[in-house]
Undergrad: 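Take this structure, written in structure tokens, and hold onto it; I'll ask about it next.
Labels below follow one simple rule: chain letters A, B, ... track the order of the sequence lines, proteins then strands, and each chain is numbered from 1.
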Protein chains: 2
Amino acid sequence: MEEGLRERKKRETRRRISDMATGLFLMRGFDQVTVAEVARAADVSVNTVFNYFGTKEDLFLDRQADLEEIYRGVVRDRRPGESVADAFRRDFLDALDTGDWRYGFHEGAEVFGRVIAESPALRARTLEIERQVMACVAAAIAEETGADPDDVRPELVAAQILSTTRLLSRHALRRRAAGESPRETEAWLREQAEALFDLLESGIGDYGRRPLVVADDGEAAGDHEDDHVEGDHGRP
Amino acid sequence: MEEGLRERKKRETRRRISDMATGLFLMRGFDQVTVAEVARAADVSVNTVFNYFGTKEDLFLDRQADLEEIYRGVVRDRRPGESVADAFRRDFLDALDTGDWRYGFHEGAEVFGRVIAESPALRARTLEIERQVMACVAAAIAEETGADPDDVRPELVAAQILSTTRLLSRHALRRRAAGESPRETEAWLREQAEALFDLLESGIGDYGRRPLVVADDGEAAGDHEDDHVEGDHGRP
DNA sequence: CCACAATTTTGGAGTGACTGCAAGTTGGGT
DNA sequence: ACCCAACTTGCAGTCACTCCAAAATTGTGG
């Protein structure tokens with residue numbers, strides 16, 4: 001059985017709902033659009049929406065599976081001589097070249113990012129997805145290197161690499177949102193990616209080290225800078 | 001003005017609500033307790049609960065400000081000769097000695113952890129808090145080292161260090177939940193903390209590196225456990 | 001073409017978090 | 001005693017989400 005009418009209609013309905021939802025969210029913001037509206041736009045009932053998507057957030061963020069598959073590939077298909085960190089560095093720079101969506105460089109990524117940034121619910125879901133992707137990458141690394149089940153290092157490596165790429169993506173979005181041109185942002189990203197991955201690979205063990213002996217006249221690396229701490233105890 | 005009756009009552013009410021809520025959540029789980037129940041237990045109206053706490057999750061997770069203050073101190077008060085990573089390693093091991101709550105080693109942490117793990121809403125909020133704490137630590141590092149506002153390294157260092165401690169805490173909770181004794185878990189933690197911080201400080205650049213030359217005969221491709229950097233993960 | 005079963009869709013009636021508003025109630029200063 | 005401000009409360013409403021049973025639709029065998 002290649003594909004019955006039933007399967008096709010289901011796929012189409014799902015696609016229609018997802019597209020309508022994405023369009024509305026991009027246009028008016030996540031919190032300003034109700035699920036009922038999405039349902040009406042897609043010409044289905046609210047219950048049908050929840051039949052296809054577990055939560056409202058899933059209407060907007062439904063690429064987790066793809067992401068996991070891609071990252072698994074990055075780990076699995078790394079080249080001879082490449083470490084895991086090397087492979088991700090290359091993948092990041094490749095994605096930068098091709099404008100791939102996986103790190104948020106695709107066309108319209110700024111709008112996408114803004115919508116997420118403006119909605120607490122979407123931010124939360126994004127973090128949860130990142131966590132699960134991290135676990136997935138850790139599992140891939142563990143399997144690939146044949147690490148002991150009790151070995152925590154695969155998780156550490158995954159966390160550190162993905163922290164790095166996430167940091168780069170976030171800053172790229174912020175810069176684009178602040179009006180920087182794509183060219184500038186890309187150049188900045190390329191430079192920073194090299195710097196951060198270098199730091200990542202060689203270790204942060206010396207970062208911010210206090211000088212053992214206090215020079216009485218000049219100031220050595222990483223010194224005082226105490227005006228007053230800007231108190232930000234507030235809750236969100 | 002020292003403290004009027006009004007202030008005292010407010011403080012007491014807030015405390016009563018928080019305590020009642022925590023007690024109920026620990027006993028029956030977060031999702032099994034409604035805000036209305038908390039309100040009834042604290043002898044206030046539902047609106048009053050939301051007057052003190054912005055969301056239901058905040059009833060359970062209200063230590064973010066404390067956490068930020070502590071971590072700021074760890075960065076600011078690191079000793080001569082200590083790097084940021086060193087300071088956090090020391091803080092982690094100190095907390096392990098004193099059974100401090102900040103990394104989840106305090107009495108009853110398992111129940112606490114289980115309640116969080118079982119509620120998607122609480123998990124999400126936890127991630128958001130971790131993100132904000134990370135930003136706070138990054139800011140502290142940037143200020144302390146006098147880093148350029150465009151320098152991304154403080155954020156990277158903060159992310160990596162906190163990823164490490166989070167990883168350790170999470171595994172500790174899982175082990176305790178799986179029935180391991182406090183003594184065993186503590187010993188495991190001490191060992192792993194040293195190993196992970198060592199890896200963190202010296203860099204993960206070689207982790208999982210594929211061999212450059214492939215022996216052509218047989219199957220020496222690269223799915224054996226000898227293709228990752230050696231390191232002892234001797235367990236007790 | 002006609003049952004008949006399996007699956008999908010839908011409406012309706014909840015639940016629970018959270019908001020806004022207008023009316024109490026209380027504490028502090030005069 | 002009086003008043004203002006802050007705090008509390010009840011009430012009505014929105015919205016995401018769930019449960020359930022009744023249609024509507026599709027696939028299958030006669």
Side-chain angles (χ1 to χ4, degrees), chain A residues 1-18 20-22 24-25 28-62 115-116 118-126 128 235-236, chain B residues 1-18 20-22 24-25 28-62 115 118-125 128:
Chain A
M1 319 308 170
E2 60 300 343
E3 183 177 71
L5 177 63
R6 199 164 228 150
E7 260 86 29
R8 203 188 64 221
K9 270 192 131 181
K10 260 183 81 170
R11 211 162 31 81
E12 282 170 354
T13 302
R14 185 192 171 88
R15 182 58 175 264
R16 197 172 63 247
I17 295 174
S18 177
M20 286 293 128
T22 308
L24 287 172
F25 292 153
R28 294 167 36 204
F30 187 75
D31 296 323
Q32 278 68 50
V33 178
T34 71
V35 176
E37 280 179 289
V38 173
R40 228 184 35 227
D43 203 44
V44 293
S45 81
V46 174
N47 280 354
T48 303
V49 174
F50 284 116
N51 197 358
Y52 283 98
F53 300 88
T55 67
K56 186 186 176 189
E57 292 83 53
D58 290 338
L59 285 168
F60 198 60
L61 306 170
D62 58 345
V115 170
I116 294 177
E118 281 171 358
S119 160
L122 276 185
R123 282 203 310 265
R125 189 83 186 83
T126 302
E128 173 71 8
R235 309 181 310 90
Chain B
M1 48 184 79
E2 60 303 344
E3 183 179 70
L5 178 60
R6 196 161 228 154
E7 317 278 322
R8 204 187 66 221
K9 271 191 137 180
K10 261 183 79 172
R11 211 162 32 78
E12 282 171 355
T13 302
R14 185 191 171 89
R15 182 56 175 265
R16 196 170 65 248
I17 296 174
S18 177
M20 287 293 128
T22 308
L24 287 172
F25 293 153
R28 295 168 34 205
F30 187 75
D31 296 323
Q32 279 67 51
V33 178
T34 71
V35 175
E37 280 179 289
V38 172
R40 231 189 26 235
D43 203 42
V44 292
S45 82
V46 175
N47 280 8
T48 302
V49 174
F50 284 115
N51 196 358
Y52 283 99
F53 300 88
T55 68
K56 185 186 178 190
E57 291 84 52
D58 290 338
L59 285 168
F60 198 60
L61 305 170
D62 59 343
V115 170
E118 282 171 356
S119 160
L122 276 185
R123 282 202 310 265
R125 190 81 185 85
E128 173 72 8

Undergrad: Could you encode protein contacts along nucleotides 16-23 of chain C as a string, one character per nucleotide from 5' to 3', using B for base contact, S for sugar-phosphate-only contact and - for no contact, with a heavy-atom cut-off of under 4.0 Å?
TA: SSBBBB--
Undergrad: At what distance, to the nearest 0.5 angstrom, does OG1 of A:Thr48 lie from CZ of A:Arg14?
TA: 13.0 Å
Undergrad: Starting at atom CD of B:Glu12, determine the distance to atom C1' of C:dG27, rounded to an integer number of angstrom.
TA: 14 Å
Undergrad: Please output the side-chain donor-acceptor pairs of residues 37-44 of chain B that fall under 3.5 Å, not counting sequence neighbours, one pair per line with the distance.
TA:
| residue | atom | partner | partner atom | Å |
| --- | --- | --- | --- | --- |
| B:Glu37 | OE1 | B:Arg28 | NH2 | 3.3 |
| B:Glu37 | OE1 | B:Thr34 | N | 3.0 |
| B:Glu37 | OE2 | B:Arg28 | NH1 | 3.1 |
| B:Glu37 | OE2 | B:Arg28 | NH2 | 3.1 |

Undergrad: Please pick, from C:dT10, D:dT9, D:dA6, the nucleotide with the shortest atom-to-atom distance to any side-chain atom of B:Ser45.
TA: D:dT9
Undergrad: For the residue pair B:Lys10 and B:Thr13, establish whether any side-chain heavy-atom pair is separated by less than 4.5 Å.
TA: no
Undergrad: Please determine, for the side chain of B:Lys9, which listed nucleotide (D:dC7, C:dG27, C:dT8) has the closest atom?
TA: C:dG27
Undergrad: Does a side-chain N or O of A:Tyr52 approach OP1 or OP2 of C:dT8 to a distance below 4.0 Å, or not?
TA: no
Undergrad: Rounding to an integer number of Å, can you tell me how far B:Asn51 CG sits from D:dT9 P?
TA: 9 Å
Undergrad: Atom CZ of A:Arg8 to atom C1' of D:dT25: distance rounded to whole Å?
TA: 14 Å
Undergrad: Just to be sure I understand the rule, does A:Phe53 reach a base, reach only the sugar-phosphate, or reach nothing, if contact means heavy atoms closer than 4.0 Å?
TA: nothing
Undergrad: With the side chain counted from C-beta on, respond yes when B:Asn51 and B:Ser45 share a heavy-atom pair under 4.5 Å apart, and no when they do not.
TA: no
Undergrad: In whole angstrom, give the distance that lies between atom CD of B:Gln32 and atom C1' of C:dT15.
TA: 14 Å
Undergrad: Is any side-chain heavy atom of A:Phe53 closer than 4.5 Å to one of A:Ser18?
TA: yes
Undergrad: What class does the angle between the rings of A:Phe25 and A:Phe30 fall in, given that below 30° is parallel, 30 to 60° is tilted and above 60° is perpendicular?
TA: tilted
Undergrad: Would you mind reading off the distance between A:Lys10 atom NZ and D:dG27 atom C1', rounded to a whole angstrom?
TA: 14 Å
Undergrad: Starting at atom CD of B:Glu7, determine the distance to atom P of D:dA5, rounded to an integer number of angstrom.
TA: 17 Å
